[in-house]
Asker: 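Starting off with a structure, shown below.
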2 protein chains.
Amino acid sequence: MSLNPLPPSPSRAAPRRRVLVVGIGAGDPEHLTLGAVRALNETDVVFLVDKGETHTDLRQARLDLCHRIIDPRHPWRVEEVELGAVRDRGDGPYRATVAAWRAARVAAYGDLVGGLHETETGAFLVWGDPTLYDGTLDVLAEVRAAGDVAFDVEVVPGISSVSALAARHGVTLNRPGEPVQITTGRRLAREGMPDGIDSVVVVLDTHEAWRQLDDDLDIWWGAFVGLPGERLVTGRLGDQRTTIGHERAAARSRHGWVFDTYLLRRRAP
Amino acid sequence: MSLNPLPPSPSRAAPRRRVLVVGIGAGDPEHLTLGAVRALNETDVVFLVDKGETHTDLRQARLDLCHRIIDPRHPWRVEEVELGAVRDRGDGPYRATVAAWRAARVAAYGDLVGGLHETETGAFLVWGDPTLYDGTLDVLAEVRAAGDVAFDVEVVPGISSVSALAARHGVTLNRPGEPVQITTGRRLAREGMPDGIDSVVVVLDTHEAWRQLDDDLDIWWGAFVGLPGERLVTGRLGDQRTTIGHERAAARSRHGWVFDTYLLRRRAP
């Protein structure tokens, strides 16, 4: 592998805390970009946020990644924060729970960033792409708005689980010239397939929204895409619903949790 | 930079032509993933397709990338095809023109893949992400369906211009828990902002659809994102429309063409 070192970031005028929000891809270490490799090698403090939503192996995977990617001569340290889980059980004041959890998150991130020395660089490692269904950027905007600590933010885009899913299936997300919508399982379960859109990608589906949708949709489903436990199913939803249910249950019993994403498409008339 | 070599792809049973569709990101060389680096180093033939839509510097940029990334001890060659441009001038039978252009593309790709020896690997280098508004996968599916040549396809996902735009603006594509729609300028110009969706990303906008939209939308606009000529504009559309028009015209006169992408968002009520 021939890999010339890339030029460093342009130097900045005054010393200011620098916060990198680094997309590390959907789980496959090969999703890491050269930009993410450089960013990690400019990082003094790796921020690890445990949201309590998933197994501790995700924490370890990020640490392993840092140990593998960061030059051993470059010193770095870890600052960790535990936020606990926010879960949508469908039986409580979900919005209020989310608001309280979010306030705690803003405070915790403010502490992490405030703990940087003025010339240091800290990095949040984000699964997938920080610009798609990830709250880090919004939380950092709130921290900045609070005004207690001054810092710059740079975002390193990453391979989202949506891109990873489509790549593994070898399918294009949109039909030529047509739109594609990305939405959550929660919303799809409540509202069904949106009108006027033939291609819909579903993320964060704890609701198994695919159970109640039209048999005649095509589905490209994947769990743990790019990871050792990867499972892929594709075909007409009516034909694949049982298989997806079995795969999902098996993945959950094997790993204790499941991370899945899928593309739905109305068939051409 | 500490970068352990990644394991090679699993060996396959019988020799078969192998076609890689490699996302190389939105223009910034740092968008390249470790998977793309490995894929290029397993490539015997780099396929260059000139669609006549943009300047020859895009062709040279891909060649430069290969020379930079591929180990000099690994032999590779280039096979090139010129397709000419398909342009939507809004004054002809657009659909028929596209169909003829597409048939020529299927034939040309079939020749490229058919020109591989049985044990060789060829690679199409795709700007952005091959799964979003790129026709390579669909064309290869048609080549395979024609049945004249047998081959495997592997897709390496890439950083799309959509992700790159959002990263440079430090903005999340979706509001928390809400959907985001990706659509074309052609469709947006015809249909306006879609109902029920507050966040819309627009690609392939030769129509300058933003000219006719509601002043009270927020826009995050970018041209040549991640490239030396990058221009970014953000704010209320009514306030930024003139600036975007100027930036777009200036970019076009400087480069002879312009590649831009933008996120539109309805303001929270």
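Throughout, a chain's letter reflects where its sequence line sits, starting with A, and its residues are numbered from 1.
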Asker: As an exercise: rank B/Thr136, B/Leu137, B/Val180, B/Leu204 by heavy-atom pairs under 4.5 Å with chain A and give me the winner.
Answerer: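 Ranked by contacts with chain A, first place is B/Val180.
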Asker: Does any backbone or side-chain atom of A/Ile197 lie under 4.5 Å from a heavy atom of chain B? Answer side chain, backbone, both or neither.
Answerer: side chain
Asker: Does any heavy atom of chain B fall under 4.5 Å from the side chain of A/Val171, the backbone, both, or neither of them?
Answerer: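 Backbone of A/Val171 only, per the 4.5 Å heavy-atom cut-off to chain B.
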Asker: Is A/Glu178 close to chain B through its backbone or its side chain, or both, or neither, when contacts mean heavy atoms under 4.5 Å?
Answerer: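 Backbone plus side chain of A/Glu178, per the 4.5 Å heavy-atom cut-off to chain B.
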Asker: Are the side chains of A/Pro179 and B/Ile182 in touch, meaning some heavy atoms are under 4.5 Å apart?
Answerer: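 The answer is no; the side chains never approach within 4.5 Å.
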Asker: With a 4.5 Å heavy-atom cut-off, do A/Ile159 and B/Thr33 have their side chains touching?
Answerer: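 With C-beta onward as the side chain, the pair touches.
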Asker: Taking A/Leu132's backbone N and O only, do any of them form a donor-acceptor pair with B/Asn174's side chain (distance below 3.5 Å, no angle check)?
Answerer: no
Asker: Please name the pair of heavy atoms, one in B/Tyr133 and one in A/Thr172, separated by the smallest distance, quoted to 0.1 Å.
Answerer: N-CG2, 4.4 Å
Asker: Taking side chain as everything from C-beta outward and backbone as N, CA, C, O, which of these in A/Asp28 sits under 4.5 Å from a heavy atom of chain B? Side chain, backbone, both or neither.
Answerer: neither
Asker: Where does B/Thr184 contact chain A at under 4.5 Å (heavy atoms): side chain, backbone, both or neither?
Answerer: side chain
Asker: Please report the interatomic distance OG(B/Ser160) to CG(A/Asp129), rounded to the nearest 0.5 Å.
Answerer: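 If we round to the nearest 0.5 Å, B/Ser160:OG and A/Asp129:CG are 7.5 Å apart.
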Asker: Between B/His31, B/His74, B/Arg175, which has the largest tally of heavy atom pairs under 4.5 Å with chain A?
Answerer: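 If we count pairs closer than 4.5 Å to chain A, B/His31 comes out on top.
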Asker: Flag the pair B/Leu34 / A/Val37 as yes when at least one side-chain heavy-atom distance between them is below 4.5 Å, and no otherwise.
Answerer: yes
Asker: Looking at chain A, which one of B/Leu165, B/Leu188, B/Val155, B/Val201 has the largest number of heavy-atom pairs inside 4.5 Å, strictly under?
Answerer: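 Greatest number of close heavy-atom pairs with chain A: B/Val155.
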Asker: Ignoring hydrogens, what is the shortest heavy-atom contact between A/Ser163 and B/Pro157? Give both atom names and the distance.
Answerer: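 Heavy atoms of A/Ser163 and B/Pro157 come nearest at O-CB, 4.0 Å.
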Asker: Any chance CZ of A/Arg265 has more than 12 other-residue heavy atoms, nucleotides or ligands included, within less than 6.0 Å?
Answerer: yes
Asker: Atom OG1 of A/Thr131 and atom NE2 of B/His169: how far apart are they, to the nearest 0.5 Å?
Answerer: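 NE2 of B/His169 is found 11.5 Å from OG1 of A/Thr131.
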